[in-house]
Amino acid sequence: MRVYNFEEDLNLSPANSDELYMREALKLAHQAYDEQEVPIGAIIVAGGKIIGKGYNLTERLNDVTAHAEMQAFTAAANFLGGKYLKDCTLYVTVEPCVMCAGASYWTQISRIVYGARDEKRGYASIHDKIIHPKTIVQSGVLEEECANLIKSFFRNKR
């Protein structure tokens with residue numbers, strides 16, 4: 001499998017960067033939706049640049065671990081040339097699951113920003129101490145838009 005890295009400088013001020021970066025993650029979630037994947041998108045930002053992107057590919061790759069965050073972690077690590085993502089922020093449209101939260105622990109990512117909570121499978125509902133103790137977590141960024149997309153997806157599947 002080929003891994004792609006993306007470099008994009010959006011030149012954002014800190015005041016509005018969370019919302020604007022979450023919009024970038026939402027674009028990826030919409031792409032997943034269009035491909036009949038669970039619509040979750042993720043990006044990783046370092047120094048004002050997007051260094052990793054991903055969206056769910058579990059159906060296409062027939063791989064239960066091919067979550068958006070995992071794709072973004074791999075792309076960012078390849079971009080940086082190392083496995084640690086210190087001084088990086090993960091933006092993801094839905095609260096990470098336990099697997100992705102565990103992976104974030106090992107990357108030592110500095111910050112996680114997510115949109116919608118996942119009441120059933122999100123890491124916080126199962127074990128909120130799975131995130132690295134130095135990682136700052138912020139939730140609720142564009143929460144309604146993120147939640148509406150995933151709810152729409154599952155409503156259409158049923």
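Reckoned from all heavy atoms, side chains included, excluding hydrogens, waters and symmetry mates.
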Given side chain to side chain contact (heavy atoms under 4.5 Å, CB included), test Cys88 with Ile51 step by step and report yes or no. CA-CA 9 Å; Cys88 295; Ile51 62 166; 4.0 Å; yes
Is it the case that one hydrophobic cluster holds both Met99 and Tyr114, taking links as side-chain heavy atoms less than 4.5 Å apart, direct or via other members? yes
Where do Cys100 and Pro96 come nearest, in terms of heavy atoms and distance? CB-CB, 4.1 Å
Quick check: closest heavy atoms across Asp18 and Gln138, and the distance to 0.1 Å? OD2-OE1, 3.2 Å
Could you tell me the separation between the CD1 atom of Ile50 and the CD1 atom of Ile43, rounded to the nearest 0.5 Å? 4.0 Å
Mind running salt bridge (Lys or Arg N to Asp or Glu O under 4.0 Å) on Glu37 and Arg60 for me, showing each step along the way? CA-CA 8 Å; Glu37 296 278 357; Arg60 180 191 304 171; 5.3 Å; no
Steps toward side chain to side chain contact (heavy atoms under 4.5 Å, CB included) verdict (Cys146, Ile150): CA-CA 7 Å; Cys146 294; Ile150 198 135; over 6 Å; no
Could you point out which residue of Gln71, His67, Glu35 forms a side-chain hydrogen bond (donor to acceptor under 3.5 Å, both in side chains) with Tyr55? Glu35
Atom pair NE2 (His30) and OG1 (Thr93), whose distance is rounded to the nearest 0.5 Å: 9.0 Å
Note: Asp87-Arg111 ion pair, threshold 4.0 Å (strictly below): no
Is it the case that one hydrophobic cluster holds both Leu28 and Leu61, taking links as side-chain heavy atoms less than 4.5 Å apart, direct or via other members? yes
Can you find a heavy atom in the side chain of Leu57 that is under 4.5 Å from one in the side chain of Asp63? no
Distance from Met70 atom CE to Thr107 atom OG1, nearest 0.5 Å? 10.0 Å
Once the angle between the rings of Tyr21 and Tyr91 is folded into 0 to 90°, is it parallel (under 30°), tilted (30 to 60°) or perpendicular (over 60°)? tilted
Start with the C-alpha gap between Asn56 and Thr58, add the side-chain angles, then the distance that decides, and say whether side chain to side chain donor-acceptor pair (under 3.5 Å) holds. CA-CA 6 Å; Asn56 274 359; Thr58 58; 5.3 Å; no
More than 12 heavy atoms of other groups within 6.0 Å of Asn62 CG: no
As an exercise, state the distance from CD of Glu69 to CD1 of Ile44, rounded to the nearest 0.5 Å. 9.0 Å
Please name the pair of heavy atoms, one in Ala29 and one in Gly41, separated by the smallest distance, quoted to 0.1 Å. CB-N, 3.6 Å
Do Lys86 and Ile109 make a side-chain contact, defined as non-hydrogen atoms from C-beta onward lying under 4.5 Å apart? no
Run Phe73 and Leu85 through side chain to side chain contact (heavy atoms under 4.5 Å, CB included) and show every step you take. CA-CA 8 Å; Phe73 290 149; Leu85 302 178; 3.7 Å; yes
Going by salt bridge (Lys or Arg N to Asp or Glu O under 4.0 Å), name the residues that satisfy it together with Arg23, two or more places apart in sequence or in a different chain. Glu19, Glu145
State the NZ-OG1 distance between Lys83 and Thr74, to the nearest 0.5 angstrom. 13.5 Å
Point-to-point distance, once rounded to the nearest 0.5 Å, from CZ of Phe153 to CD1 of Ile40: 9.5 Å
Transitively linked via ILVMFWY side-chain contacts under 4.5 Å: Leu80 with Ile112? yes
Do Phe154 and Leu149 share a hydrophobic cluster (ILVMFWY, side-chain heavy atoms under 4.5 Å, transitive)? yes
